[in-house]
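Below, each value reflects all heavy atoms present in this structure, side chains not excepted, and no hydrogens, waters or symmetry copies. Each ligand, and each atom within it, is numbered from 1 in the order the structure gives. This is a predicted model, so every value here is computed, not measured. Nothing fancy with the numbering, it's 1 onward along the sequence.
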Amino acid sequence: MSSLDVARIRKDFPILNERVNGRPLVFLDSAASSQKPVQVLAAMEHIYRATYANVHRGVYWNSEQSTELYDDARCKIAQFIGAPSPENVIFVRNATEGLNLVAYSYGRHFLKAGDEVLLTEFEHHANFVPWHVLAKERGVKLKFIPMTQQGTLDLSKLDELLTPQVKLVTFAQVSNVLGTITDPRSIIDRAHAIGAKVIVDGCQSTPHMPINVQAMDCDFYAFSGHKMLGPTGIGILYGKRELLEAMPPFMTGGDMIGSVSFEDVTWADVPVKFEAGTPAFVEAIGLGAAVDYLSAIGMEAVRTHEKETVAYAIERMSEVPGATIIGPTDPEIRGGALTFTIKDIHPHDLGTLLDREGVAIRAGHHCAQPLHIRLGLKATARASFYIYTEQREIDALIEAIYKAKHTLRK
Ligand SMILES: Cc1ncc(COP(=O)(O)O)c(C=O)c1O
């Protein structure tokens, strides 16, 4: 029995009634991107069918309507993450763009040769590569918080790592591979004590648990809409106002200016200073509808459901001979993703055989190659869950794994 009415929720997701390879779809790849409820599809379709016009441009009804709904979406999202004001919320394409914005605008403006950025060994490439590039370009040094055997961060080394040269600290609140949940305050307070700014990658946490950026006291927080029932092409960068105001624009062009003359340009106020060009406003409104949907369920209830689901998945996976779970096995510190290997079966072969049974999982390095190097693995398999995941789907996964083992005689 789940703490959520999953059967009721599933009715809002038409794709879950589809069949794949002649079998009912068992979608276990929500950590890569979630499915969308009819409420999000309807909000976007209504604009395209009935009211569409560009934002910020017109004095006519349709344009004013778009602008109003777009501004409204920003307010909903600000409230959802506990931001002090909608002006702290910048619309970007995805978490990747949000993290790049900080690396390019804050990083290149405020960091110099000899400064250090502290990250973790389990970062997604989106929170790894921008810092690599900055390090090469500016002579900035990268350092890494190591992991324990269980796949949690080894914070016993943190004070040693937080030298005066560290100007930025960044980490994923939930690892997309290990599922590890890190208490942000356990790092943020100590980083702030040495004057470093902190960026939290909230890509795998915002969709799955209550978030309050003010309580967290992070300086920047990035996440993607498509992993939390919203459309692709829209994401959020939250930033503390004084930092956003001190930073130069990331991209320039229309909308983000105060005024332009032949001699000079001034910038619009935040957040518009960081939103050059026509924004993905229909997608932003779609994300607003997704936030409404999640808020109606309640993020505490979402987290409870995922804790129960991952606990059941860990229990079932532990019974499978040759299965190794990667990351913590305590559901209290594990988000809704279960990463594993099956002895003598390559994760890609496993993924292909599971697909024949209609079971969709992810196989590969999950954009976390440094972590896989650290684990001594080339690839892993990952089943990930969301509000619409039922226990019978985990049973279907386990059954399909047994079938794959039988087919390959493993
Ligand atoms: C932890 C984490 N950070 C960042 C990203 C990048 O997200 P996007 O590809 O939507 O920019 C992902 C995507 O899987 C992720 O899991």
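Within the 6.0 Å centre-distance limit, the rings of F281 and Y52 are counted as a close aromatic pair. When ring centroids are compared, F13 and F27 stay outside the 6.0 Å threshold. Under the 6.0 Å cut-off for aromatic ring centres, F128 and H124 do not qualify, their centroids lying 6.0 Å or more apart.
Listed by chain and number, N94, A95, T96, H124, A126, N176, D201, C203, Q204, S224, H226, K227 each place a non-hydrogen atom less than 4.0 angstrom from ligand 1.
Note: H366 and H372 have tilted aromatic rings, judged against thresholds of 30 and 60 degrees for the angle between ring planes. Relative orientation of the Y386 and Y388 rings is perpendicular, given thresholds of 30° and 60° on the angle between their planes.
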Could you give me the CA-CA distance, side-chain angles and deciding distance for N127 and T170, then say whether side chain to side chain donor-acceptor pair (under 3.5 Å) is met? CA-CA 8 Å; N127 200 25; T170 182; 2.8 Å; yes
